[in-house]
Amino acid sequence: MQSPLRPETARTAKSSKTVRSDYGSFELETPRDRNSTFEPELVKKRQTTLGKSFDDKIIALYGLGMSYTDIASHMEEMYG
């Protein structure tokens, strides 16, 4: 039984996976959802490769004059 002082989300942890793209590999941390209410949108569950379209989006933002910091902030805002 869950304690009323400790919300159920307090037990939620993170897991990491290696994602590959045309430009190399990187580690991605994703929330572990015990209630199965979280559905990732950018990198789907069990997906280990990024398509060309995601890379193209980042390159397009850079081509529009956005800095690395601006792009990272934009991605954080859009995808959390």
Side-chain angles (χ1 to χ4, degrees):
M1 182 168 158
Q2 190 69 28
S3 167
L5 299 176
R6 185 175 172 161
E8 190 157 339
T9 56
R11 296 179 56 189
T12 304
K14 293 183 179 180
S15 62
S16 64
K17 64 180 176 180
T18 302
V19 179
R20 294 175 298 172
S21 74
D22 291 342
Y23 301 101
S25 299
F26 60 93
E27 289 293 316
L28 177 67
E29 286 188 347
T30 56
R32 187 172 299 150
D33 182 18
R34 292 180 180 267
N35 296 331
S36 297
T37 58
F38 176 76
E39 187 62 39
E41 294 184 20
L42 186 59
V43 179
K44 302 291 185 191
K45 293 179 181 178
R46 293 175 290 285
Q47 179 182 354
T48 58
T49 57
L50 281 180
K52 186 81 169 143
S53 64
F54 182 73
D55 296 338
D56 290 342
K57 288 177 188 177
I58 293 176
I59 292 170
L61 291 173
Y62 188 75
L64 291 172
M66 292 180 76
S67 69
Y68 173 79
T69 306
D70 292 339
I71 293 171
S73 296
H74 178 69
M75 291 294 158
E76 178 69 28
E77 183 179 311
M78 295 296 293
Y79 301 110

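Each residue takes its place number in the sequence, starting with 1.
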Using side-chain contact (heavy atoms from CB on, under 4.5 Å) as the criterion, list what pairs up with [X], not counting sequence neighbours.
X     : result
Asp56 : Lys52
Thr49 : Arg20
Ile58 : Phe54, Ile71, Met75

**OP:** For Phe26, look at atom CZ and say whether over 12 heavy atoms of other residues, nucleotides or ligands are found less than 6.0 Å away.
**Re:**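 Atom CZ in Phe26 is crowded, with more than 12 foreign heavy atoms closer than 6.0 Å.
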
